[in-house]
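Heads up, the thing below is written out as structure tokens.
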Amino acid sequence: MAVSATESEVWEALREVEDPEIPGLSVVDLGIVDRVRVDEGEIEVDITPTFTGCPAVEMMRREIELELSRLAERVRVRVTFERAWTSDRITKAGREHLRRSGLTPPPREGSIELQVRAKCPYCGSHDTRIENAFGPTLCRSIHYCNACHQPFEAFKPV
Ligand SMILES: [Zn+2]
């Protein structure tokens with residue numbers, strides 16, 4: 001198989017890989033792709049999961065390998081924590097997608113939001129409470145908005 005994949009083709013392919021827990025959100029928009037290297041028929045991708053305990057990591061890794069296997073003979077996906085993932089790595093499109101899905105992006109690191117309560121994605125109110133710290137997945141929690149009386153999910157702050 002001729003090696004013709006370029007780094008931008010790899011990034012393009014990665015946009016097709018969705019976060020298993022958030023349909024429609026690509027791993028690129030989530031900001032977990034740390035680095036892409038293309039070298040003599042081998043693609044190496046470094047990913048930094050949003051949460052260390054996230055069981056979706058293995059799944060994502062396999063999906064990335066599958067997606068990229070049509071671009072190169074060898075694909076390696078490395079999980080790295082060299083540079084910690086922060087919510088600042090979510091792209092603008094990714095934030096918009098989370099908001100539309102009723103998910104609150106995790107508070108920006110070092111921001112005041114870390115001390116306050118989760119912001120309601122529907123009305124923007126901070127008058128919220130944690131309903132259930134153990135959401136549908138290990139990475140999310142259920143909150144309830146006192147202002148508009150709607151439950152919503154949020155990422156757990158790390
Ligand atoms: Zn609300």
Side-chain angles (χ1 to χ4, degrees), residues 7-36 43-68 71 75 77-158:
E7 268 185 40
S8 59
E9 281 173 325
V10 173
W11 281 103
E12 206 50 51
L14 287 170
R15 289 188 185 281
E16 301 297 316
V17 182
E18 294 177 2
D19 180 289
E21 302 191 330
I22 309 162
L25 182 66
S26 80
V27 292
V28 174
D29 280 332
L30 189 58
I32 65 161
V33 180
D34 198 49
R35 206 158 32 164
V36 168
I43 296 174
E44 201 173 79
V45 177
D46 289 353
I47 59 170
T48 300
T50 50
F51 301 96
T52 43
C54 215
V57 171
E58 263 314 302
M59 205 169 148
M60 238 167 348
R61 194 173 163 159
R62 276 198 299 273
E63 280 182 34
I64 290 173
E65 280 173 351
L66 194 71
E67 185 66 35
L68 297 182
L71 293 177
V75 177
V77 180
R78 294 196 318 156
V79 176
T80 169
F81 292 96
E82 274 168 41
R83 285 195 308 138
W85 182 89
T86 72
S87 57
D88 290 347
R89 288 170 68 160
I90 302 178
T91 65
K92 203 164 168 261
R95 275 174 198 281
E96 181 58 22
H97 183 87
L98 287 174
R99 203 186 52 74
R100 278 198 315 266
S101 318
L103 283 161
T104 297
R108 283 169 182 271
E109 210 177 25
S111 85
I112 191 85
E113 281 184 274
L114 273 176
Q115 274 83 51
V116 301
R117 286 176 275 198
K119 185 176 160 192
C120 171
Y122 300 108
C123 70
S125 171
H126 281 281
D127 184 13
T128 62
R129 63 173 190 264
I130 285 195
E131 194 83 323
N132 176 7
F134 300 95
T137 74
L138 283 174
C139 315
R140 294 192 235 157
S141 51
I142 309 271
H143 299 253
Y144 184 82
C145 177
N146 295 324
C148 70
H149 306 286
Q150 292 217 66
F152 64 93
E153 292 178 9
F155 284 97
K156 277 184 201 169
V158 221

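In listed order, ligands and their atoms are each counted from 1.
- Between Glu58 and Arg61 there is a salt bridge, since a side-chain N of the basic residue sits under 4.0 Å from a carboxylate O of the acidic one.
- Expressed to the nearest 10°, the angle at the Zn ion (ligand 1) joining SG in Cys145 with SG in Cys123 is 110°.
- Annotation: angle subtended at the Zn ion (ligand 1) by Cys120 SG and Cys148 SG is 110°, to 10°.
- Using a cut-off of 2.8 Å, one finds that His149 contributes no N/O/S atom close to the Zn ion (ligand 1).
- Residues Val57 and Val79 meet the side-chain proximity criterion, which asks for heavy atoms closer than 4.5 Å.
- When side chains are defined from C-beta on, Thr48 counts as touching Arg89, because their heavy atoms get closer than 4.5 Å.
- With contacts defined as side-chain heavy-atom distances shorter than 4.5 Å, the pair Val77/Met60 does not qualify.
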